[in-house]
Amino acid sequence: MFLYICILDMNKFENVTLGTQSGKTAQILAYLRSVQSASSDALNIIYTQNTLLNTQQFMARVVSSLPLNRGKIAIIASNFKGFGDAMRVDKSNFVFGKKICDVPLSEVSVLLQCKNSCRINSLISVVSSINDRQINVIIDEAHQAIDTTHKKCTQCKDKNSIATWGYGKKRTHCSGCREPEMIKQPPKISTRELIEKLCMLDNVSKVIGLTATPMKLFQAQPGSLGSDWSSIKHVLYTPTNLEGSYYKISDMNNINVEGFEYDADLHIDQDLDIASQYLTYILSAHPEILRPGARVFCPGMRLCDSHDSIEYTVFEFETDAVVVKLNGKNKTLSYIDDTDDMHSVWESNIVTINLLDNIEGTSEINEIIADVMETKGLSDRPLVITGYMCVSVGATLVNERLGNFTAGIFHPHIGNIKNRDNIYQIVGRTASRSLTWATHTSTTLYCDPNIYNIACGLEKAALAHSTLDVSNKIIDLDEYLKPFNDFLSNV
């Protein structure tokens, strides 16, 4: 009987799948408009990707698109520097808190927060305690952390020992190796378990997933609470209207780069990792990439040092370039102020602007970049955007003022990523709804054919399931991946 009820409650869960940069957020805004009115008392909780950049982007769209909710929007974040001074003091539009318990939920209609383990752990108890309101939970990038991965003990020789103790919020030691002052960390709840538990609560009306890569959501075995994940309901809340506006990866020209060899000694001696070495190789063969007005997407490796190396490499090739770094340490725009009299790039006048200090109102990061470029007279210079976590999923990096990307440079390590989701997500940052822009131009990609083909194939799968004629359809993984497999079989 318990198993039957759990499966039945999973009918509350539905997923929105669209191609990267094709309007997933617009689907959620359409849903919120459909359930919200001036008299509605529903609480809508939105989990964004686990970066402040994506929380700020989602919030900017909610505020601009849902005027009836102004004054009823709450933001939960560990720090608020990324939201700008004007927004932090604007109590008429926002309520800020570091924890969900800091927010008067009775006065809130939309609550946004990053999707990290601590916030997920606290949500169940908070939602369970609300008895007088219906609740909708929206999970952006639902494929991320869909299943729990336990950290191994850093001290124990037993490979099966799970780290559950540590200082602060870190898990580093198992119970046998822990030190007396350490704190036992609460159990880590996966996104899948969170969805299952929410679907079992009577006061939760709907749980909505949002992703361009839903493959990990499908699971042949029942979930930990007995729920069926072998097939998932896919929905749309409004027409996508992509025809004639959406510039796809498969529309772009890919240059098959041959002959590149990674030099480990360069990495050790000059701190030039595979990303910056590949960029050097590409720019040496194609210096026209950094032509005036170019817009280049060049993700690095995970560490911030990798993005610094890319910045160094770009300035070595083109002193007129502008480099934007988006990572956990930096949200900066850098350029060389005077390029006429210089002997070495690092002896010149490099100006670095903190983009978080230039937020006005509820601007998205692409609008902030465009504002700074225009204010400083840099719009005609080539722009290179780099990073990793902050630019690989969810972020919209271009707009009509900036223009779409003219080039995307993806180093070979991206092709070594085990899951195909990440390949499509990161290459997909070059896609855009730009065909109607006055600034639209063609995009050239520089990457291994395997990277390009996986990205194109998964794009076809996502777009095949983002039309109204397949909305409200329950599909399994084989059906979802059929366009992907068909594409690869014909390459």
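Between R433 atom CZ and S22 atom OG the span is 6.5 Å, to the nearest 0.5 Å.
Taking the six-membered ring where the residue is Trp, the centroids of Y480 and H465 are separated by under 6.0 Å. F410 has its ring centre no less than 6.0 Å from the ring centre of Y446.
Without hydrogens or angle criteria, N399 side chain to N366 main chain gives a donor-acceptor distance under 3.5 Å. At distances below 3.5 Å, at least one donor-acceptor pair connects side-chain atoms of D273 with backbone N or O atoms of S276. Looking at T439, its side chain does come within 3.5 Å of a backbone N or O of E400 through a donor-acceptor pair. A distance-only check finds a donor-acceptor pair linking the side chain of R192 to the backbone of L217 [under 3.5 Å].
Side chains of D421 and H143: a donor-acceptor N/O pair is absent below 3.5 angstrom, by distance only. Using a 3.5 Å distance cut-off with no hydrogens or angles, the side chains of S434 and H440 do pair a donor with an acceptor. Side-chain atoms of E311 and S334 form a donor-acceptor pair, as typed in the model, at a separation below 3.5 Å. Under the 3.5 Å distance criterion, with hydrogens and angles disregarded, a donor-acceptor pair is assigned to the side chains of D228 and S230. Residues N15 and T17 have side chains that bring a donor and an acceptor to within less than 3.5 angstrom of each other. When only modelled atom types and interatomic distance are considered, Q113 and T48 share no side-chain donor-acceptor pair under 3.5 Å. Between Q134 and S205, the side chains place a donor N or O and an acceptor N or O closer than 3.5 Å (distance only, hydrogens not considered).
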W229 vs F13, ring pair (Phe, Tyr, Trp, His ring centres under 6.0 Å): CA-CA, chis, key distance, verdict: CA-CA 10 Å; W229 289 90; F13 176 67; 5.5 Å; yes
From CA spacing to verdict: side-chain hydrogen bond (donor to acceptor under 3.5 Å, both in side chains), T238, Q27: CA-CA 6 Å; T238 188; Q27 292 292 319; 5.4 Å; no
Decide side chain to side chain contact (heavy atoms under 4.5 Å, CB included) for V391 and L397; before the verdict, give the C-alpha distance in whole Å, the side-chain angles of both, and the deciding distance to 0.1 Å. CA-CA 8 Å; V391 299; L397 303 172; 4.2 Å; yes
List the steps and the verdict of salt bridge (charged side-chain N to carboxylate O under 4.0 Å, His left out) for K325 and D308. CA-CA 8 Å; K325 292 188 296 187; D308 295 338; 2.6 Å; yes
I'd like to know whether K72 forms a side chain to side chain contact (heavy atoms under 4.5 Å, CB included) with V110, so could you lay out the CA-CA distance, the side-chain angles of the two residues, the decisive distance to 0.1 Å, and finally the verdict. CA-CA 7 Å; K72 301 178 183 178; V110 179; over 6 Å; no
Please report the C-alpha distance between Q219 and L477 in whole Å, then the side-chain angles of each, then the deciding distance to 0.1 Å, and finally whether the side chain to side chain contact (heavy atoms under 4.5 Å, CB included) criterion is met. CA-CA 8 Å; Q219 181 174 274; L477 181 59; over 6 Å; no
Stepwise side chain to side chain contact (heavy atoms under 4.5 Å, CB included) check, N404 with W437: CA-CA 9 Å; N404 62 302; W437 295 355; 4.2 Å; yes
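Using cut-offs of 30° and 60° on the angle between ring planes, the pair Y31 and Y237 is tilted.
Among all heavy-atom pairs drawn from N453 and L488, the shortest one is O-CD2, 3.9 Å. Closest approach of R295 to G403, counting heavy atoms only: CG-O, 4.3 Å.
One finds a salt bridge joining D371 and R401 here, because a Lys/Arg side-chain nitrogen approaches an Asp/Glu carboxylate oxygen to under 4.0 Å. Checked for salt-bridge contact, K482 and D486 meet the test: a charged N lies under 4.0 Å from a carboxylate O. Salt-bridge formation is detected for the pair K206/E14: a Lys NZ or Arg NE/NH1/NH2 atom is positioned less than 4.0 Å from an Asp or Glu carboxylate oxygen. Taking 4.0 Å as the cut-off between side-chain N and carboxylate O, E479 and K473 count as a salt-bridged pair.
Within a 6.0 Å radius of CZ in R302, other residues, nucleotides and ligands contribute 12 heavy atoms or fewer.
A 4.5 Å side-chain heavy-atom check between T443 and N253 finds every atom pair outside the cut-off. Looking at heavy atoms from C-beta onward, I139 lies out of side-chain contact with L210 at the 4.5 angstrom threshold.
Of the options L283, I414, I409, L272, a side-chain contact (heavy atoms from CB on, under 4.5 Å) to Y278 is made by I409 and by none of the others.
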